[in-house]
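Take a look at the structure below.
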Amino acid sequence: MFLTKEEEKMADGEYGETIRKSMDILIALGDIYGAEKFVDIKSAQVSGVSYKTIGEAGLEYLQDLAAGAEIIYNENGTISDKSGIATISATLNPAGTDLDNWREFGFPIDFAKKQVEICDAYGALGISTTCTCTPYLIGNVPRFGDHVSWSESSAVAYVNSVIGARTNREGGPGALAAAIIGKTPLYGYHFDENRKATLSVDVECKLERADFGALGYYVGQIVKDGVPYFKMQNKTHEIASGNLKALGAALASSGAVALYHVEDITPEYGNAGLEEVDEKITVTKDDILETREKLSTAEGYADLVCLGCPHASLEEIQEVAEIVKGRKIKNELWVCSSISVKAAADRMGYTKQIEDAGGHIVLDTCMVVAPIEQMGYEVIGVNSGKAANYVPSMCGLKVIFDDIENLLDFE
């Protein structure tokens with residue numbers, strides 16, 4: 001890679017060990033993927049947060065990195081980018097517990113204490129410990145065409161596809177290093193030519209609710225790390241941002257999709273090069289129904305119904321509140337979201353409606369990265385294709401995939 005003189009100083013350790021270690025990671029990534037230089041980024045989103053996924057080794061690495069950071073101020077009072085802490089907008093992926101209410105929900109004590117230490121280390125590195133996989137709902141919203149470094153798979157799919165910013169599917173250490181340096185290697189989805197469609201998908205049926213996750217799961221297995229282009233039967237106004245969020249999350253979990261296009265909806269569909277795409281598939285209603293059945297590994301009653309994978313928006317929380325209003329739920333219900341979105345739900349009265357029905361809005365975490373397998377649950381009900389894919393493998397539990405109304409049992 002070509003390094004500027006300033007970047008050479010950073011790589012040589014003239015600005016401390018935290019910056020040097022971060023540069024080592026980014027230069028190695030650039031060499032692996034053939035990047036010629038770095039590009040400045042506007043924001044970062046960092047995964048590798050749950051103690052369940054990074055363990056003691058990850059915690060020690062973060063604490064060591066944080067120990068080498070030192071806040072240095074510029075003459076105008078702003079924090080210098082030579083401090084070893086993030087000076088751009090940088091947010092954190094879900095943790096393994098609700099950071100403030102872990103005792104109330106029965107998270108293991110030893111696990112929760114380690115989780116707090118992890119988040120404290122990230123905070124010392126300047127990463128906002130808001131802990132959400134939907135940072136675009138809480139203010140980390142790049143503009144169209146911005147270069148960013150995001151690492152959570154569903155967030156990558158959303159920011160590339162729906163917002164039109166540019167990121168590769170980064171790993172947690174790479175995104176953290178980019179947040180600290182404010183740069184990322186220039187390759188892959190940062191270039192126009194790599195954002196073209198590779199598969200045309202003609203969806204022959206209208207989609208409703210959990211169908212979008214089923215579609216993403218089905219197509220992700222076919223397209224793998226390619227770029228699908230969807231032609232939908234649904235009208236533009238019938239496809240909400242939450243549907244696109246669910247579609248991208250499932251695409252990224254069953255495949256490795258970082259970017260997709262939806263005709264007449266996503267911002268880059270007109271430049272996706274559809275006329276040059278040779279591979280085409282058709283998705284029928286039977287394909288969707290079969291995929292929905294395949295995603296369930298159990299039937300009947302779910303001990304825990306867990307919604308919000310990716311984290312629920314205010315509109316999605318409102319939908320749950322309206323479904324359960326004035327009723328009592330037999331299952332345990334978690335609606336996973338961020339602290340910022342819950343604050344709005346509190347004010348709107350949605351939180352009270354859900355809690356009056358026996359449910360909870362759970363913050364900072366989700367069913368995939370939480371240690372739910374240690375908390376007495378056996379069957380988890382989800383409306384997310386991503387969660388249905390990951391819960392059996394990451395938690396070892398059975399899963400029921402369906403629409404919200406069909407997952408909840410009422411008294």
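Index from 1, following the sequence. Everything quoted here is computed from the prediction, not taken from an experiment.
Salt bridge status for Asp303 with Lys398: absent, with no side-chain N to carboxylate O gap under 4.0 Å. Ion pairing of Lys285 with Asp211 is present here, as a side-chain N (NZ or NE/NH1/NH2) and a carboxylate O approach within less than 4.0 Å. Between Arg20 and Glu17 there is a salt bridge, since a side-chain N of the basic residue sits under 4.0 Å from a carboxylate O of the acidic one. A salt bridge does not link Lys114 to Asp110: none of the charged nitrogens lies less than 4.0 Å from a carboxylate oxygen.
Of all non-hydrogen atoms in Ala90 and Ala86, the two that sit nearest each other are CB-CB, 4.1 Å. When every heavy atom of Tyr189 is checked against every heavy atom of Ala258, the shortest pair comes out as CE1-CB, 3.6 Å. When every heavy atom of Ser149 is checked against every heavy atom of Ala175, the shortest pair comes out as OG-CA, 3.6 Å. Taking both residues in full, the closest heavy atoms of Val335 and Ala312 are given as CG1-CB, 4.0 Å, listed atom of the first, atom of the second, then distance. Heavy atoms only, all atoms of each residue included: Cys119 and Ala95 are closest at SG-CB, 4.2 Å. When all heavy atoms of Ser393 and Asn389 are compared, the pair lying nearest together is OG-O, 3.8 Å.
Although no hydrogens or angles enter the test, the distance criterion places a donor-acceptor pair under 3.5 Å between the side chain of Ser384 and the main chain of Cys309. The main-chain N or O of Val148 is never found under 3.5 Å from a side-chain atom of Lys42 such that the two would form a donor-acceptor pair.
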Check your understanding: Between Asp264 and Met232, is a side chain to side chain contact (heavy atoms under 4.5 Å, CB included) present by the stated rule, with each step listed?
Key -> CA-CA 9 Å; Asp264 295 326; Met232 300 285 198; over 6 Å; no

**Message:** Evaluate Thr132 against Thr134 for side-chain hydrogen bond (donor to acceptor under 3.5 Å, both in side chains), listing each step before the verdict.
**Reply:** CA-CA 5 Å; Thr132 181; Thr134 54; 3.1 Å; yes

- Item | Working for side chain to side chain contact (heavy atoms under 4.5 Å, CB included), residues Lys330 and Tyr301 | CA-CA 10 Å; Lys330 292 181 181 179; Tyr301 181 80; 4.0 Å; yes

*Could you go through the side chain to side chain contact (heavy atoms under 4.5 Å, CB included) check for His261 and Leu259 one step at a time?*
CA-CA 7 Å; His261 304 286; Leu259 169 66; 4.1 Å; yes

Show your reasoning for whether side chain to side chain contact (heavy atoms under 4.5 Å, CB included) applies to Lys21 and Leu65. CA-CA 8 Å; Lys21 290 175 182 177; Leu65 204 62; 4.0 Å; yes

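Applying the side-chain hydrogen bond (donor to acceptor under 3.5 Å, both in side chains) test to residues at least two apart or on different chains, the pairs with a partner in residues 153-163 are Glu152-Ser154, Asn160-Arg195.
A heavy-atom distance below 4.5 Å is not found between the side chains of Thr184 and His147. Put simply, the side chain of Cys205 does not reach to within 4.5 Å of the side chain of Gln233, judged on heavy atoms. Counting only heavy atoms from C-beta outward, the side chains of Lys52 and Gln374 never approach each other to under 4.5 Å. Two residues are said to be in side-chain contact when any heavy atoms from C-beta on lie closer than 4.5 Å; Asn331 and Leu407 fail this criterion. Side-chain contact between Met10 and Ile181: present, with at least one pair of heavy atoms (C-beta onward) separated by less than 4.5 Å.
Rounding to the nearest 0.5 angstrom, the gap separating the CG atom in Asp364 from the CG atom in Asn101 is 8.5 Å. Rounded to the nearest 0.5 angstrom, Ser338 OG and Leu137 CG are separated by 7.0 Å.
Listed by chain and residue number, nothing satisfies the ring-ring contact (aromatic ring centres under 6.0 Å, His included) test with Tyr350 (two or more places apart in sequence, or in another chain). The side chain to side chain donor-acceptor pair (under 3.5 Å) test applied to Asn168 returns no partner, not counting sequence neighbours.
Under the 30°/60° scheme for interplanar angles, the aromatic rings of Tyr260 and Phe230 are found to stand perpendicular.
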Got a list of side-chain donor-acceptor pairs under 3.5 Å for residues 29-41, not counting sequence neighbours?
{"residue": "Asp40", "atom": "OD1", "partner": "Lys183", "partner atom": "NZ", "Å": "3.0"}

Please tabulate, for side-chain N and O atoms in residues 375-382, each donor-acceptor pair with protein atoms closer than 3.5 Å (sequence neighbours left out).
{"residue": "Tyr377", "atom": "OH", "partner": "Glu332", "partner atom": "OE1", "Å": "3.0"}
{"residue": "Tyr377", "atom": "OH", "partner": "Glu332", "partner atom": "OE2", "Å": "3.0"}

Quick one: side chains of residues 234-241, donor-acceptor pairs under 3.5 Å with protein atoms, not counting sequence neighbours, listed by atom name and distance.
{"residue": "Asn234", "atom": "OD1", "partner": "Leu207", "partner atom": "N", "Å": "2.9"}
{"residue": "Asn234", "atom": "ND2", "partner": "Leu207", "partner atom": "O", "Å": "2.9"}
{"residue": "Glu238", "atom": "OE1", "partner": "Lys206", "partner atom": "NZ", "Å": "3.4"}
{"residue": "Glu238", "atom": "OE1", "partner": "Lys235", "partner atom": "N", "Å": "2.7"}
{"residue": "Glu238", "atom": "OE2", "partner": "Lys206", "partner atom": "NZ", "Å": "3.1"}

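In summary, the side chains of Thr351 and Asp346 do present a donor paired with an acceptor at a separation below 3.5 Å, with no hydrogens or angles considered.
A ring-centre distance under 6.0 Å is found for Phe107 and Trp334.
By the 6.0 Å contact criterion, CD on Glu299 is open, its count of non-hydrogen atoms from other residues, nucleotides or ligands being 12 or less. No more than 12 heavy atoms of other residues, nucleotides or ligands shown are found within 6.0 angstrom of CD1 on Ile339.
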